[in-house]
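Worksheet: one structure, shown below.
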Amino acid sequence: MSELDIDFYESEDPIWNPALHSMPVPGIRRMVNLAATMDDVIHLSIGQPDFKPPDHVVQAAVEALQAGQTGYTMDAGLPELLDALADYYRNRYQRPLVPENIMVTTGATEAIYLALTATSAPGREFIVPEPAFMLYAPLIRMNGGVVKAIPTHAEQHHQLDPEAVIDAIDNNTCAIVLNSPSNPTGTLYPRETVEAIVQEAAYRGVYVISDEVYDHLVYDGREYPSVLSCCADLDHVMVVSSFSKTFSMAGMRIGWLMASQGAIKKLRRYHMFTTTVANTPCQWAGVAALTGDRGFVDNMLAEYQRRRDRLVELVERTPHLTGYRPDGAFYLFPSLPEGVNGGNVALKLLRETGVCTVAGDTFGESCSNAIRISYSTSLEQIEAAFERIIPWMAKQDF
């Protein structure tokens with residue numbers, strides 16, 4: 001960590017809210033910060049697309065700027081974008097969505113922040129499959145909530161057992177957090193898993209908060225089983241997504257949250273005290289993304305699938321790594337031998353080979369013997385990285 005990080009996280013200055021200490025320095029940041037001090041680093045760590053956004057999307061943002069569209073929108077979002085989102089999801093899942101079911105946020109990060117911190121409170125339990133995106137647990141804990149982790153394993157392709165989730169529900173359960181396809185595993189939950197969890201949660205009065213930012217990065221022609229297509233109504237679900245991964249718009253920070261109209265009304269009030277509104281010109285870019293040509297998405301998906309296929313082959317050839325075939329996103333989360341600390345392996349791998357990955361324990365306490373590999377980089381970079389990784393791993397005596 002940098003001196004600034006240590007100052008912040010080790011300071012006992014009473015001015016700081018103790019809840020801040022529930023937020024660790026992300027393992028991704030530690031690795032990237034160290035890599036920044038080194039030469040000739042190959043990054044298999046970055047979780048954002050390496051493609052430029054479609055030209056018509058960029059042009060829409062430029063035209064909005066040139067037209068002076070730089071003021072605040074309505075707090076729920078640009079009306080044209082809300083209409084476009086409602087139309088898009090209505091057609092995709094045959095759900096009678098209206099703009100009042102949607103709120104535009106500053107990226108999916110804000111949508112997740114609002115959903116989790118608005119529901120978390122002391123004693124409330126949240127069921128979270130592990131490995132899990134690093135944002136969930138700290139946001140739950142900072143408001144006194146309790147994380148009940150459900151571990152998954154590479155040997156089972158990190159698939160989630162719905163009965164394990166259902167058995168974990170008790171009188172203190174507030175919500176179940178799902179992320180499919182998953183960051184960091186790339187695992188896609190099948191429809192029967194999602195339906196079983198959503199239906200039992202509704203019956204028990206438990207919310208399902210579904211992070212669906214990778215909903216278009218699904219391979220081999222598989223259907224995407226969104227929570228929106230598996231629930232009878234929106235009374236106990238919140239669904240989060242964004243343009244970041246689908247249209248390579250990560251830095252443009254446009255996400256959204258979909259829920260019942262009553263929930264959206266409450267969350268709009270909360271949203272007004274966080275970011276107030278999302279970036280206005282980039283909301284116009286979002287309208288263009290939803291209504292314009294989809295060739296960009298198809299081409300990007302084909303390239304990711306090609307990289308996925310090659311990465312699976314390379315991991316199979318790598319000593320001490322147990323892989324699987326992810327069905328979505330752009331991550332693989334192979335395990336190391338039992339008892340091996342993935343954080344130490346990732347750090348040593350970076351220092352000795354210049355290949356940057358992310359330690360498994362970034363994504364949960366049950367994931368310490370793993371590393372995350374991102375294939376949101378060129379096939380040439382992936383090949384070059386494994387030319388270093390394979391012989392290095394062969395020398396390790398775990």
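Taking CZ of Phe51 as the reference point, atom OG of Ser248 lies at 8.0 Å (rounded to 0.5 Å). The CE atom of Met393 sits 7.0 Å away from atom OG1 of Thr318, with the distance rounded to the nearest 0.5 Å. The structure places OG1 of Thr246 at 5.5 Å from CG of Asp215, a figure rounded to the nearest 0.5 Å. In this structure, His153 NE2 and Asp161 CG are separated by 10.5 Å, a value rounded to the nearest 0.5 Å. Within the model, atoms CZ of Arg92 and CG of Leu228 stand 9.0 Å from one another, a figure rounded to the nearest 0.5 Å. Note that the OH atom of Tyr89 and the CG atom of Leu97 stand 9.5 Å from one another [nearest 0.5 Å].
In this structure, the side chain of Ser120 engages the main chain of Ile140 through a donor-acceptor pair within 3.5 Å. Proximity of a side-chain donor or acceptor of Glu130 to a complementary backbone N or O of Ser366 within less than 3.5 Å is detected. No donor-acceptor pair under 3.5 Å is formed between the side chain of Thr105 and the backbone N or O of Ala108. In terms of modelled atom types and a separation under 3.5 Å, the side chain of Gln261 and the main chain of Pro99 share no donor-acceptor contact. With hydrogens and angles disregarded, a donor-acceptor distance shorter than 3.5 Å links the side chain of Tyr219 to the backbone of Ala329. A donor-acceptor pair under 3.5 Å links the side-chain atoms of Thr362 to the main chain of Ala359, judged by distance alone. Between the side chain of Thr173 and the backbone N or O of Ala175 there is no donor-acceptor pair closer than 3.5 Å. A distance-only check finds a donor-acceptor pair linking the side chain of Lys245 to the backbone of Gly47 [under 3.5 Å]. Within the 3.5 Å criterion, the main-chain N or O of Ser180 finds a donor-acceptor partner in the side chain of Tyr224. A donor-acceptor pair under 3.5 Å links the side-chain atoms of Thr280 to the main chain of Gly71, judged by distance alone.
Using a 4.5 Å cut-off on side-chain heavy atoms (C-beta onward), Arg372 and Asn183 make contact. Side-chain contact between Leu290 and Leu81 is present, with at least one heavy-atom pair separated by less than 4.5 Å. With contacts defined as side-chain heavy-atom distances shorter than 4.5 Å, the pair Cys282/Met249 does not qualify. Between Glu383 and Leu311 the shortest side-chain heavy-atom distance does not fall below 4.5 Å. Annotation: side chain of His236 is not in contact with side chain of Val208 (no heavy-atom distance under 4.5 Å). A heavy-atom distance below 4.5 Å is not found between the side chains of Phe296 and Pro53. Two residues are said to be in side-chain contact when any heavy atoms from C-beta on lie closer than 4.5 Å; Tyr136 and Asn179 meet this criterion. With contacts defined as side-chain heavy-atom distances shorter than 4.5 Å, the pair Ser45/Met31 does not qualify.
Residues Pro326 and Arg308 approach most closely at O-NH1, 2.6 Å, considering heavy atoms. In this structure, Leu188 and Pro225 approach most closely via the heavy-atom pair CD1-CD, 4.1 Å. Residues Ser241 and Glu212 share a closest heavy-atom pair of OG-O, 3.2 Å. For the residue pair Ala250 and Gln48, the shortest heavy atom distance occurs at CB-OE1, 3.7 Å. Here the shortest heavy-atom pairing between Val277 and Thr73 reads CG1-O, 3.5 Å. Between Phe333 and Gly360, the shortest heavy-atom distance links the atoms CZ-CA, 3.6 Å.
Hydrophobic cluster membership differs between Trp284 and Leu65, with clusters built from Ile, Leu, Val, Met, Phe, Trp and Tyr side chains linked at under 4.5 angstrom. In terms of hydrophobic clustering, with Ile, Leu, Val, Met, Phe, Trp and Tyr side chains grouped at heavy-atom distances under 4.5 Å, Val213 and Tyr93 are assigned to a common cluster. Residue Val98 is not grouped with residue Met103 when hydrophobic side chains (ILVMFWY) are merged at heavy-atom distances under 4.5 angstrom, including chains of intermediate members. When hydrophobic clusters are built by joining Ile, Leu, Val, Met, Phe, Trp and Tyr residues whose side-chain heavy atoms come closer than 4.5 Å, directly or via intermediates, Val41 is grouped together with Leu34. In the hydrophobic clustering of ILVMFWY residues, with side-chain heavy atoms under 4.5 Å counting as a link, Ile264 and Met74 come out apart.
Other residues, nucleotides and ligands place no more than 12 heavy atoms under 6.0 Å from the CG atom of Asp55. Counting heavy atoms of neighbouring residues, nucleotides and ligands inside a 6.0 Å radius, atom OH of Tyr203 does not exceed 12 of them. More than 12 heavy atoms of other residues, nucleotides or ligands shown are found within 6.0 angstrom of CE on Met38. More than 12 heavy atoms of other residues, nucleotides or ligands sit less than 6.0 Å from atom CD of Glu155.
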Asp233 vs Arg95, test: salt bridge (charged side-chain N to carboxylate O under 4.0 Å, His left out). Steps then yes/no. CA-CA 9 Å; Asp233 54 51; Arg95 288 208 71 93; over 6 Å; no

Candidate pair Tyr270 and Arg268, rule side chain to side chain contact (heavy atoms under 4.5 Å, CB included), full reasoning: CA-CA 5 Å; Tyr270 190 11; Arg268 280 177 63 179; over 6 Å; no

Any chance you could lay out the side chain to side chain contact (heavy atoms under 4.5 Å, CB included) test for Ile373 and Val358, step after step, and finish with the verdict? CA-CA 7 Å; Ile373 298 172; Val358 180; over 6 Å; no

Stepwise ring-ring contact (aromatic ring centres under 6.0 Å, His included) test for Phe363 and Tyr331: CA-CA 13 Å; Phe363 307 98; Tyr331 307 107; 8.0 Å; no

Let's go through Val177 and Leu116 carefully: what are the C-alpha distance in whole Å and the side-chain angles of both, what is the deciding distance for side chain to side chain contact (heavy atoms under 4.5 Å, CB included) to 0.1 Å, and is it a yes or a no? CA-CA 9 Å; Val177 180; Leu116 292 176; 4.0 Å; yes

Test side chain to side chain contact (heavy atoms under 4.5 Å, CB included) on Leu314 and Ile382; report intermediate values, then the result. CA-CA 9 Å; Leu314 291 167; Ile382 294 168; 3.8 Å; yes

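Between Phe330 and Tyr304, the ring planes are tilted. Angles from 30° to 60° get that label.
His158 and Thr187 form no side-chain donor-acceptor contact under 3.5 Å, judged by distance and modelled atom types alone. Looking at Trp392 and Glu352, their side chains do bring a donor and an acceptor atom within 3.5 Å of each other. Using a 3.5 Å distance cut-off with no hydrogens or angles, the side chains of Arg124 and Asn143 do not pair a donor with an acceptor. Under 3.5 Å, the side chains of Ser229 and Arg191 contain a donor-acceptor pair of N or O atoms. A donor atom on one side chain and an acceptor atom on the other are found under 3.5 Å apart for His271 and Glu110.
For Asp170 and Arg204, the salt-bridge test fails: no basic side-chain N is under 4.0 Å from an acidic carboxylate O. Under a 4.0 Å N-O distance rule, the pair Arg90/Asp87 qualifies as a salt bridge. The existence of a salt bridge linking Asp309 and Arg325 is confirmed by a sub-4.0 Å separation between a basic side-chain nitrogen and an acidic carboxylate oxygen.
Screening Asp211, Ile197, Val237 for a side chain to side chain contact (heavy atoms under 4.5 Å, CB included) with Leu178, the sole residue that qualifies is Ile197.
Glu387 is linked by a side chain to side chain contact (heavy atoms under 4.5 Å, CB included) to nothing, counting only residues two or more places apart in sequence or in another chain.
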